[in-house]
2 protein chains.
Amino acid sequence: MPIAKRRKEDVTVKLIAVFKQLIAEGTLEPGGRLPAERELAESFGVSRSSLRQALKVLEIMGVISQRVGDGTYLNKGADAILREPMEFLILLDGISAHELMEARLLVEPELAARAALRASEEDIAEIHKELRAMEAAKDDHAKFVAHDLLFHQAVFHAAGNRVTSLMFSVVHKSLDKLITMTSQVVEPEHTLTLHRRIYQAIRKRDQDESRRRMTEHLVDARDLLSRAAEKQSHFQMAARIQTLKKKEPRPSR
Amino acid sequence: MPIAKRRKEDVTVKLIAVFKQLIAEGTLEPGGRLPAERELAESFGVSRSSLRQALKVLEIMGVISQRVGDGTYLNKGADAILREPMEFLILLDGISAHELMEARLLVEPELAARAALRASEEDIAEIHKELRAMEAAKDDHAKFVAHDLLFHQAVFHAAGNRVTSLMFSVVHKSLDKLITMTSQVVEPEHTLTLHRRIYQAIRKRDQDESRRRMTEHLVDARDLLSRAAEKQSHFQMAARIQTLKKKEPRPSR
DNA sequence: CGGGATTTATTGGTAGTACCATTCCCCTCA
DNA sequence: TGAGGGGAATGGTACTACCAATAAATCCCG
């Protein structure tokens, strides 16, 4: 009798629960290697097919990494873990870039204030580093935006809370493309000025000003993005994949 | 030749990308029914095994629902979509309850202020409803905590940002058990008083007070939780599952 | 003719097998 | 001592067979 036998849960769901516990209790350690699929399947008393489904879920979520000919490993940190789910969340709930920016606007100012309060010298140096990287990449939009977001990540890190940091790294990634498009019609120096003010405020350990400067920047960015999004909406209609044929509510039979 | 043939991506990964696009372009609509697995596999030119892996990923993430004998359906809203990933995130990065509470403390006060600003009459009624539900459940810890969290969810909803709302619903769920334990050593009336103040402040449309009252409550809760967590740490060593045997860095062969 | 019970086809769930390409380890040989 | 080759192990995919749950179609009886 495999695993347990609660309710009517999938074997897959049970397996995932088992892995969760194994990680929680330390039997599996980040970076560690898991037994081969064939062995695992046998010791769990399930087929390899079922086991693979569970492993695939974990891999897509970024919990583990699988390499042919090598093995399966438990990932260490997992920044990417929320990425896929987040994308679907945005798709399914129809969350717009505007709403994502609103979320940033709600959270990031407070985090900037917190950063001003508890940033270490290294944190501040890191923020400064990203600022200079932005200056150096004025002409490369993609690079410029990448360092823009890293700047914000550095502020998150300085604020010292990984939960918000991880959550909003996903939000940032979701906005990446759109921001890159926007950046092409905005003077880099404009963006830089706003970032410099934030950096200076944090450096001065001025919580109120940090909060205000971050708000100032994000309000500006939000409005720019909204306008860009309007223009882009015309291009929404992409090439279709016709592979999928039916989608009726259950064909008669 | 199945799907496409970029790089060395899994068939599973490709399939997920395809589904993502099908959802994005509207070929698949929330609530709609997907073709049977056998049909889908054929039209995509992949085996059912591979297709099922992709579908399983989507199901666990909460994107779709599968029912034997019935079919596969695309979910509408997806509150639960971040749940599993978030749990692993907490596990892998070793995030503590304290850090989760810190995250709440960073975000929820600002959201309370926003709620005071833009809550509709219905929103305020909903918050009040949860407050009364808490009062009615003074003696049932689990129920009391459930409505406690729903109270906060209602505040989120009133603030009007789904992104933060969805993200923190996961944080709340992660904290649920621990809060329930804590609530057993705290006078319910104490918690109620703090919640009433928040409600009154939002009702008065007083942003500053809403922010302060929410901070007051969460600071209190955080400290209670930290103390409870200390006591609990002794019980961390749970029964182990010995099914998994090996975890060495690649057995010699 | 109507409605409940039954049959039947469909669907997702699981197991198992076979084969492939990749990767790594170890052994051999120069 | 070093380089190369062979073999074993690993994850990836496909295919088959069967099970259990579901819902639609059918039958049967009042």
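Values reported hereafter were calculated over all heavy atoms of this structure, with side chains retained and with hydrogens, waters and symmetry mates removed. Chain naming here is simple, since letters A, B, ... match the order of the sequence lines and numbering starts at 1 in each. All of these numbers come straight from a predicted model, not from anything done at the bench.
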Taking only side-chain nitrogens and oxygens of [X], does any of them come within less than 4.0 Å of OP1 or OP2 of [N]?
X: B:R52; N: C:dG13; result: yes
X: B:Q66; N: C:dT11; result: no
X: B:T72; N: C:dG12; result: yes

Atom-pair distance ([atom1] on [X]; [atom2] on [N]), nearest Å:
X: A:E9; N: C:dT14; atom1: CD; atom2: P; result: 11 Å
X: B:D70; N: D:dA20; atom1: CG; atom2: P; result: 19 Å
X: B:E39; N: C:dA9; atom1: CD; atom2: C1'; result: 13 Å
X: B:I64; N: C:dT11; atom1: CD1; atom2: P; result: 15 Å
X: B:Q53; N: D:dG11; atom1: CD; atom2: C1'; result: 10 Å
X: A:R67; N: C:dT22; atom1: CZ; atom2: C1'; result: 12 Å

Nearest-nucleotide 5' precedence on DNA chain D, B:R38 against B:S49: B:S49
base_contact_polar (D:dG12 base, A:R48 side chain, donor-acceptor, <3.5 Å): yes
Side-chain-base donor-acceptor pair under 3.5 Å for A:S50 and C:dG13: no
B:E37 and B:R48 ion-paired at < 4.0 Å: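 Judged by the 4.0 Å cut-off on N to carboxylate O distance, B:E37 and B:R48 do form a salt bridge.
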A:V107 side chain near B:L106 side chain, heavy-atom distance below 4.5 Å: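 No, every pair of side-chain atoms sits at 4.5 Å or beyond.
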Passing option when B:T72 is tested against B:Q66, B:R33, B:R67, B:E59 for side-chain hydrogen bond (donor to acceptor under 3.5 Å, both in side chains):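 One option only clears the test, and that one is B:Q66.
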Pi-cation contact, B:F144 with B:K138 (under 6.0 Å, within 45°):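 Pair B:K138/B:F144 does not count as cation-pi.
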A:V68 or A:T12, whichever maps to the more 5' nucleotide of DNA chain C: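 That would be A:T12.
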Nearest-nucleotide comparison on DNA chain C, the residue closer to the 5′ end among A:L51 and B:A36: B:A36
A:F156 and A:F151 aromatic centres sub-6.0 Å: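 No.
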